[in-house]
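Data first, discussion second: the structure below is written as structure tokens.
Here, residue 1 is the first one in the sequence, and each next residue gets the next number. These figures come from a predicted structure and were not determined experimentally. Computation of the quantities below employed the complete heavy-atom set of this structure, encompassing side-chain atoms and omitting hydrogens, waters and symmetry-equivalent molecules.
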Amino acid sequence: MKSRVVGCLIALIATLGLLVDVQAQTSTAPMDFATPKPKLSADELLRLAQQQLNTGMYDLAESGFHALLDDEDCQIRDDCQAVASLGLAECLFATGRYDDAASILSDGQESSGDSADWYVLRAEVAGAVGDYKEGIRLARKARGKDQTSCKARLVLARFLEAIGESDAALDEYRWFDRLVQHRLPIDAENLTAAGAGFYRYSV
């Protein structure tokens, strides 16, 4: 068992390393949204703001998502507004502004509240302020929306563990053990969550 755990963890770490290398090779210089530049399309602005968010440049990403929410082309597209609202809420959550993040999520519920990502982030906000029961409820909704979401299952398992429901948490962590034996996720966010979930199951 120990050798299999070590082997799986090594595979996860190696895959994460490859993803980081690819991102580093393909990323562009940071975009300063405050400096006047030729007008970008909504899709270009969205791509740049998401890149800033993914690389931890939250101030720049926040400016980009605000610009998107004010952009006329983005305002007529529900998908653009949903992604921009969620991205802005992620920036606020990542920088500890939980009430502001909750407010943005509430305002954007009509356009993005039916997605697993919306429920996951709302659950994380609830957990950050100590409301684990609400976080568990929301994480279960997220898991129901997307059975393949590693992040939804990880958030749910962590909150169950936090309130002492060890058996229920173990059931959720066990899913990661089955996952790594069959096929690893290919995107960085789910792969990271899978590695964390598998580690907790192993412990």
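Although no hydrogens or angles enter the test, the distance criterion places a donor-acceptor pair under 3.5 Å between the side chain of Thr55 and the main chain of Gln52. In this structure a side-chain-to-backbone donor-acceptor pair under 3.5 Å is missing from Ser103 to Asp99. Put simply, the side chain of Thr192 gets close to the backbone of Ala188: a donor and an acceptor are under 3.5 Å apart.
For the pair Leu179/Cys150, a side-chain contact is recorded, criterion being any heavy-atom separation below 4.5 Å from C-beta on. Between Leu86 and Leu121, the closest side-chain pair of non-hydrogen atoms falls below 4.5 Å. Side-chain contact check for Gln50 versus Val83: some heavy-atom pair is nearer than 4.5 Å.
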Residues Asp117, Ser115; criterion side chain to side chain donor-acceptor pair (under 3.5 Å); working and verdict
CA-CA 5 Å; Asp117 289 338; Ser115 71; 5.5 Å; no
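Closest of all the heavy-atom pairs between Asp146 and Ala116 is CB-CB, 3.6 Å. Across all their heavy atoms, Ala152 and Ala142 have their closest contact at CB-CB, 3.8 Å. Listed here is the closest heavy atom pair of Ala102 and Val125: CB-CG1, 4.0 Å.
Atom CZ in Phe65 sits 10.0 Å away from atom SG in Cys74 (nearest 0.5 Å). Atoms CG and NZ, on Leu138 and Lys133 in that order, are 14.5 Å from each other to the nearest 0.5 Å. Rounded to the nearest 0.5 angstrom, Asp71 CG and Gln81 CD are separated by 9.0 Å. Of the inter-residue distances, the one linking Leu105 atom CG with Tyr119 atom OH reads 11.5 Å to the nearest 0.5 angstrom. Distance check: His66 NE2 to Cys91 SG gives 8.5 Å after rounding to the nearest 0.5 Å. Atom-to-atom distance recorded for Cys80:SG and Leu68:CG is 5.0 Å, nearest 0.5 angstrom.
Among pairs with a residue in residues 136-155, none fulfils ring pair (Phe, Tyr, Trp, His ring centres under 6.0 Å), at least two apart in sequence or across chains. Within the structure, side chain to side chain donor-acceptor pair (under 3.5 Å) contacts touching residues 155-166 (residues at least two apart or in different chains) are Glu161-Tyr173, Glu161-Arg200. Counting only residues at least two apart or on different chains, the salt bridge (charged side-chain N to carboxylate O under 4.0 Å, His left out) pairs with a member in residues 189-198 are Lys151-Glu189. Sorted by first and then second residue, the ring pair (Phe, Tyr, Trp, His ring centres under 6.0 Å) pairs with a member in residues 75-101 read Phe93-Tyr98; sequence neighbours excluded.
The side chain to side chain donor-acceptor pair (under 3.5 Å) test applied to Asp100 returns no partner, not counting sequence neighbours. Residues passing the salt bridge (Lys or Arg N to Asp or Glu O under 4.0 Å) test with Arg143, sequence neighbours excluded: Glu172. By the side chain to side chain donor-acceptor pair (under 3.5 Å) test, Asp131 is found to be paired with no residue, residues two or more places apart in sequence or in another chain being considered. By the side chain to side chain donor-acceptor pair (under 3.5 Å) test, Arg137 pairs with Glu134, sequence neighbours left out. Applying the side-chain contact (heavy atoms from CB on, under 4.5 Å) criterion to Ser41, with sequence neighbours excluded, gives Asp43, Glu44. A search for side chain to side chain donor-acceptor pair (under 3.5 Å) contacts involving Thr95 returns Arg97, not counting sequence neighbours. Every residue was checked against the ring-ring contact (aromatic ring centres under 6.0 Å, His included) condition with Tyr58, not counting sequence neighbours, and none meets it.
At a cut-off of 3.5 Å, with distance as the only test, a side-chain donor of Asp177 or Gln181 sits close to an acceptor on the other residue.
A salt bridge links Arg174 with Asp171; the closest basic N to acidic carboxylate O contact falls under 4.0 Å.
Other residues, nucleotides and ligands contribute over 12 non-hydrogen atoms within 6.0 Å of the CD atom of Gln147.
Side-chain heavy-atom separations under 4.5 angstrom define the hydrophobic clusters, and the remaining members of the one that includes Tyr132 are Val120, Ile136, Val155, Leu156, Phe159, Leu160, Ile163.
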